[in-house]
Amino acid sequence: MEAVGKNLFAFFSPHDDISSSSNNGDGEDIDDLVVMHVHFGMSGMWPIFNTTSEEPEVKPTTRLRLEEIVPTSFSSSTTTNKICTHLSAMTVTHGDYTLYTSKKATLGEDPLRSDANPNHLFTKIIKSKKSIGQLLMDQSLFAGPGNIYRAEILFLAGVYPTTIGNTLDRSTFDKIWNVSVQLLRRGYDTGSILTVDGTLDPSVAARGERRYIYNQSRCARCNGKVSSWDMSGRTCYACEGGCQPKQSLLSTSPEKSKEELAIGQDEDIAVATKPKSKGVKRKQGEQPKQHVPFISHCAPVNISQRLKDHGPERLTIKEIRSTIEQIVGTNALPFKSANKATHVEALRNLLQKESSVQKATTSSSSRHYYLPSPTISAEDAAREKATSGENRAVEHIAELSREQAINAIAVTPSPTAEKRKRKKVRRVGGEDDGEEFVEKRKSPRRKLLHNEKRGK
């Protein structure tokens, strides 16, 4: 199995022992290999099951099922614990070894791979008239980063997204590359897109922030405005508070000549630097503007934080109803058919009356977050996501099926779920015999009927 950026390549051989054939000098007969190319897309997964105890039914989205073959020389008792895998993904194709070589040739440098060549990438970047924001999303150049990583990489590197590739000097490029390596490695180790560095920004980490500017209206570091605009069909983000100075502020030195050379730091590379571009002209709809955070499914902010920062408008109707129910029960809920404005107004009025609830919400949103230890298990990564309020619909653990992820989370329930349970359930001591029982919140009518049944 080999990964290049967002692409997986699985190699299958008809030989029981691949090392038994040696036609290519590496112990493999490439003519006999079957290569499978996989791209998960936004929701793919490839979990492993025990065939006798936990394998689910094959679903319409299952593209491939693999089952372990146990040699007949083993005792029959060992065959009862075979494993299998179910693969669901956007792209699943197979072919001979040329499928691997041809596809890999179209991909750029992967910051997670030890054989990545940033010097080769630099020679391409400084020849481009495209912005670094576009180049960072080009998988033929940077293999791996997506839209969230683009925003956070350029933020930590201190580079404005519209900076033109052919105006970057080597030191600025190295910052971008090194941050890419750091963030993608952390994502690989933890199973989550975590970009806030507790050593660089301890106060930001202490607030429980996971990202600096992606889908934020204010920068988590400087509290400056975050602008957003369309860049090649994807939303681009930048801090306007000084963390990412615009291109004209990057250098105050005189403009250099066309023939001035940029020398690579790691190898003897000499590349003619083109004159600075005047900038990328954007359409009217692409002009930067103050970003208004949306309800994100790929990088969600927990309910308490959204309610604190932006009010009930940033919650869905379902979340508003859940919040009202947690505070006062079902009696104050608007009709289900009511529109969102009615629900927003109901929650706002309730919060104004419930100052103590507002303080509790503020307290819960400021809990500390500590980066997990590197190379955690898939189950631990699933638990961490649940605890932080991440939605698995997009950012999920591909090694676990939905059922496996739910089971993993159940071992360590989310604090949010526990808090909701405590608010809905209260313990009351029995008056006569000291018996303790659980009484859920009920409407007055339901509570009366309940008490009549109990003989009160």
Side-chain angles (χ1 to χ4, degrees), residues 42 130-139 142 144-165 167-168 172 175-176 179-180 183-184 187 192-197 201 204 207-250 277 279-303 305-316 389-391 393-395:
M42 298 294 283
K130 292 184 178 181
S131 68
I132 187 59
Q134 293 172 303
L135 299 174
L136 196 53
M137 291 280 282
D138 187 342
Q139 298 298 303
F142 291 84
N147 200 36
I148 301 178
Y149 276 122
R150 171 176 67 179
E152 300 296 299
I153 288 170
L154 293 179
F155 171 82
L156 286 171
V159 179
Y160 205 79
T162 57
T163 304
I164 307 304
T167 66
L168 290 175
T172 304
K175 288 181 182 178
I176 296 172
V179 172
S180 300
L183 294 190
L184 267 67
S192 297
I193 303 178
L194 306 173
T195 62
V196 171
D197 191 330
D201 300 287
V204 177
R207 294 200 305 269
E209 302 287 353
R210 297 165 69 83
R211 288 169 277 273
Y212 289 97
I213 62 170
Y214 176 80
N215 194 29
Q216 304 291 328
S217 60
R218 292 280 176 177
C219 172
R221 175 182 285 172
C222 73
N223 200 38
K225 292 183 179 180
V226 174
S227 62
S228 65
W229 65 96
D230 180 87
M231 179 178 283
S232 301
R234 302 297 298 274
T235 303
C236 190
Y237 301 86
C239 170
E240 304 292 353
C243 297
Q244 293 172 270
K246 292 187 178 180
Q247 188 174 4
S248 59
L249 302 177
L250 287 177
S277 171
V280 176
K281 293 183 179 180
R282 292 191 293 270
K283 298 178 182 178
Q284 184 175 0
E286 297 177 341
Q287 295 300 319
K289 59 182 182 297
Q290 172 73 39
H291 180 66
V292 178
F294 54 89
I295 300 176
S296 173
H297 294 290
C298 60
V301 180
N302 64 59
I303 296 177
Q305 192 68 43
R306 276 182 281 146
L307 191 59
K308 173 189 173 185
D309 294 343
H310 307 285
E313 290 83 359
R314 279 288 309 280
L315 272 60
T316 64
E390 290 283 6
N391 191 321
V394 176
E395 191 193 339

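Values below: every heavy atom of this structure, side chains too, minus hydrogens, waters and symmetry copies. Note that this is a predicted model, so its numbers are computed, not measured. All residue numbers refer to positions in the sequence shown, counting from 1.
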Looking at every non-hydrogen atom in both residues, tell me the closest pair between [X] and [Y] and how far apart they are.
| X | Y | result |
| --- | --- | --- |
| N147 | M137 | N-SD, 3.6 Å |
| A157 | K175 | O-CD, 3.8 Å |
| M231 | P161 | CE-O, 4.0 Å |
| R150 | T235 | NH2-O, 3.4 Å |
| P145 | L136 | CB-O, 4.0 Å |
| I213 | V226 | O-CG1, 3.8 Å |

Under the side-chain hydrogen bond (donor to acceptor under 3.5 Å, both in side chains) test, residues paired with [X] that sit two or more places apart:
| X | value |
| --- | --- |
| Q244 | none |
| Q139 | none |
| T195 | E152 |

Quick one: pull up [atom1] in [X] and [atom2] in [Y] and give me the separation to the nearest 0.5 Å.
| X | Y | atom1 | atom2 | result |
| --- | --- | --- | --- | --- |
| S228 | R234 | OG | CZ | 13.5 Å |
| L135 | I176 | CG | CD1 | 9.0 Å |
| K246 | T162 | NZ | OG1 | 7.0 Å |
| C239 | Q216 | SG | CD | 11.5 Å |

Run the side chain to side chain contact (heavy atoms under 4.5 Å, CB included) check on R210 and S192 step by step: do they pass? CA-CA 9 Å; R210 297 165 69 83; S192 297; 3.7 Å; yes
I148 backbone acceptor or donor facing R211 side chain under 3.5 Å: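 Checking the backbone N and O of I148 against the side chain of R211, no donor-acceptor pair under 3.5 Å is found.
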Quick one: ring-ring contact (aromatic ring centres under 6.0 Å, His included) partners of Y212, sequence neighbours excluded?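 Y212 satisfies ring-ring contact (aromatic ring centres under 6.0 Å, His included) with F155 once adjacent residues are dropped.
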Can you list the residues that meet the ring-ring contact (aromatic ring centres under 6.0 Å, His included) rule with Y149, with sequence neighbours excluded?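 If we apply the ring-ring contact (aromatic ring centres under 6.0 Å, His included) test to Y149, skipping adjacent residues, there are no hits.
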Would you say L154 and Y237 make side-chain contact, with heavy atoms under 4.5 Å?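 The answer is no, as the side chains (C-beta and beyond) never meet within the 4.5 Å cut-off.
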Set of residues satisfying salt bridge (Lys or Arg N to Asp or Glu O under 4.0 Å) with respect to D201, sequence neighbours excluded: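 Salt bridge (Lys or Arg N to Asp or Glu O under 4.0 Å) list for D201, sorted by chain: R221.
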